[in-house]
Amino acid sequence: KAGVTQTPRYLIKTRGQQVTLSCSPISGHRSVSWYQQTPGQGLQFLFEYFSETQRNKGNFPGRFSGRQFSNSRSEMNVSTLELGDSALYLCASSLSGTNTGELFFGEGSRLTVL
Amino acid sequence: GQNIDQPTEMTATEGAIVQINCTYQTSGFNGLFWYQQHAGEAPTFLSYNVLDGLEEKGRFSSFLSRSKGYSYLLLKELQMKDSASYLCAVATGGSYIPTFGRGTSLIVHP
């Protein structure tokens, strides 16, 4: 079956702009999590959605937001972009986000802010 | 919050055995994960430990000691393709969403 799909794969923005990233989970998976990956900080948790509700949230400012649709697809938005937002944004899906353990990651969206 | 520590980089020889350690300080432990990430690719799941002891899966094994806040990933019969970053992650509290360490970059040389 198809894996987790993220679009776009690469994008370049300038400071102050906003960006929307999309994630389509594996069919049947209802939990979608978002992570930011940078060389200095590693993988940092942004938020998790389950059945269209934000169930968990990491320690990121309010400029980072997300949502989930009824078909489990998810989007995340970053407003007023800063240089430090340059990173690989990874989406991961799981059946229910419970102790089944395994997260399935997409290839990521690499954002460069100039 | 959680504090997860693992070495930044390790090197090993093809055919050898390597052990990657991970220590953590947390409360409400819900399990420890290991993921593998090749350069430019998505992380892929390797193992999940929630009880103390050793879990073996082919060439890879993962060990957990909850009382010591310690885990290791053991890779046997190393192959060049094992060169990757290995991420230790811990799930805590009421959530099973893991918090990741910064990863250990393993370089396997001939």
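Side chains included, hydrogens not; waters and symmetry mates left out as well; all remaining heavy atoms used. In what follows, chains carry the letters A, B, and so on, assigned in the order in which the sequence lines appear, proteins first and then strands, with residues in each chain numbered from 1. Predicted model, so just to flag it, every value in this text is computed and none were measured.
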Do you know which of B:Gly103, B:Ala42, B:Gly31, B:Ala89 has the most heavy-atom pairs with chain A at a distance under 4.5 angstrom? B:Ala42

Mark yes when over 12 heavy atoms from residues, nucleotides or ligands other than A:Asn71 sit less than 6.0 Å from its CG; otherwise mark no. yes

Can you name the residues of residues 106-114 of chain A that have some heavy atom under 4.5 Å away from a heavy atom in chain B? A:Gly106, A:Glu107

Can you pull the disulfide (SG to SG under 2.5 Å) pairs that have at least one residue in residues 16-58 of chain A, sequence neighbours excluded? A:Cys23-A:Cys91

Quick check on the hydrophobic clustering: are B:Leu32 and B:Tyr72 connected, directly or via other members, by side-chain heavy-atom contacts under 4.5 Å? no

How long is the span from the CG atom in A:Leu90 to the CD atom in B:Gln37, to the nearest 0.5 Å? 6.5 Å

What option among B:Pro43, B:Ser85, B:Gly101 has the most heavy-atom pairs under 4.5 Å with chain A? B:Pro43

At a heavy-atom separation under 4.5 Å, does A:Gln37 approach chain B through its side chain, its backbone, both, or neither? side chain

Taken to the nearest 0.5 Å, the spacing of B:Glu41 CD from A:Phe105 CZ works out to 14.0 Å

Can you confirm whether more than 12 heavy atoms, excluding those of B:Arg59, are under 6.0 Å from its CZ atom? yes

Going by heavy atoms in the side chains, are B:Phe45 and A:Ser94 under 4.5 Å from each other? no

In terms of hydrophobic clustering (I, L, V, M, F, W, Y; side-chain heavy atoms under 4.5 Å; direct or indirect links), are B:Val50 and B:Leu54 co-clustered? no

Please tell me whether A:Met76 and A:Tyr10 are part of a single hydrophobic cluster in this structure, the criterion being side-chain heavy atoms less than 4.5 Å apart. no

A:Phe104 portion near chain B, given a 4.5 angstrom heavy-atom threshold: neither

Begin from the C-alpha positions of A:Phe45 and B:Phe100 and carry the test side chain to side chain contact (heavy atoms under 4.5 Å, CB included) through to its verdict. CA-CA 8 Å; A:Phe45 173 68; B:Phe100 285 81; over 6 Å; no

Need one label for B:Leu46: side chain, backbone, both or neither, based on atoms under 4.5 Å from any heavy atom in chain A. neither

When you group the ILVMFWY residues by side-chain heavy-atom contacts below 4.5 Å and let the links chain together, are A:Val32 and A:Val4 in the same group? no

Please round to the nearest 0.5 Å and tell me the distance separating atom CZ of B:Phe33 and atom CD of A:Glu102. 10.0 Å

Would you confirm whether B:Tyr35, through its side chain, and A:Leu103, through its main-chain N or O, come within 3.5 Å as a donor-acceptor pair? yes

Who pairs with A:Thr5 by side-chain hydrogen bond (donor to acceptor under 3.5 Å, both in side chains), at least two apart in sequence or on another chain? none

Once disulfide (SG to SG under 2.5 Å) is applied, what residue pairs with a partner in residues 28-68 of chain B remain, sequence neighbours excluded? none

Other residues, nucleotides, ligands: >12 heavy atoms within 6.0 Å of B:Glu77 CD: no

Are A:Trp34 and A:Leu43 joined in one hydrophobic group, where the rule is that I, L, V, M, F, W and Y side chains link up if heavy atoms are under 4.5 Å apart? no

